[in-house]
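Input: a single structure, listed below in structure tokens.
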Amino acid sequence: MLNEFKKFAMRGNVIDLAVGVIIGGAFGKIVSSLVADIIMPLITILVGAVDVKDLAWGPLKYGVFFQSIIDFLIIAFSIFLFIKFLTRFKKKEEVKVEVKIDKQEVLLTEIRDLLKAEKDFSRKNETS
């Protein structure tokens with residue numbers, strides 16, 4: 001079982017996924033800081049002297065929820081822009097469709113054509 005786990009953990013896809021999760025976590029912290037330290041204070045200035053995190057209606061803290069929504073939207077938009085940027089530089093691969101015919105298929109096709117030609121030849125001889 002340990003050997004199976006080692007094979008699984010050392011596969012390329014798992015390592016790529018692990019790197020992506022680590023980078024994604026760091027990117028999430030950067031975006032959270034951007035929202036909390038730059039964007040939300042600007043929104044606070046526009047809304048008034050109230051900190052958005054402190055917005056609440058009784059025990060419901062909808063300001064924290066509002067900040068989480070903004071975090072999500074900025075992360076999603078950033079990932080969208082990053083993927084769009086990467087696809088712009090990715091070479092478009094031309095798809096070439098090659099039809100490889102087996103030797104057996106070639107021989108069968110030749111036999112079919114010969115039989116058809118022989119049949120056509122015998123019909124011509126019968127009518128003459």
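All residue numbers in this chain count up from 1 along the given sequence. These numbers were taken from a predicted model, which means no experiment stands behind them.
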Shared hydrophobic cluster, Phe27 / Ile38 (ILVMFWY, side-chain heavy atoms < 4.5 Å): yes

To the nearest 0.5 Å, tell me how far Arg112 CZ sits from Glu105 CD. 11.0 Å

Roughly how far, to the nearest 0.5 Å, is the CD atom of Gln104 from the OG1 atom of Thr109? 10.5 Å

Can you tell if the side chain of Phe65 reaches within under 4.5 Å of the side chain of Ile69, non-hydrogen atoms only? yes

Ile70 with Tyr62, same ILVMFWY side-chain cluster at under 4.5 Å: yes

Looking at CD1 of Ile30 and CD1 of Ile74, how far apart are the two atoms once the value is rounded to the nearest 0.5 Å? 13.0 Å

Within-4.5 Å side-chain heavy-atom neighbours: Val106 and Asp102: no

Can you tell me if Ser33 uses its side chain to pair, donor with acceptor, with the backbone of Lys29 under 3.5 Å? no

I need the Leu107 CG to Lys103 NZ distance, nearest 0.5 Å. 9.0 Å

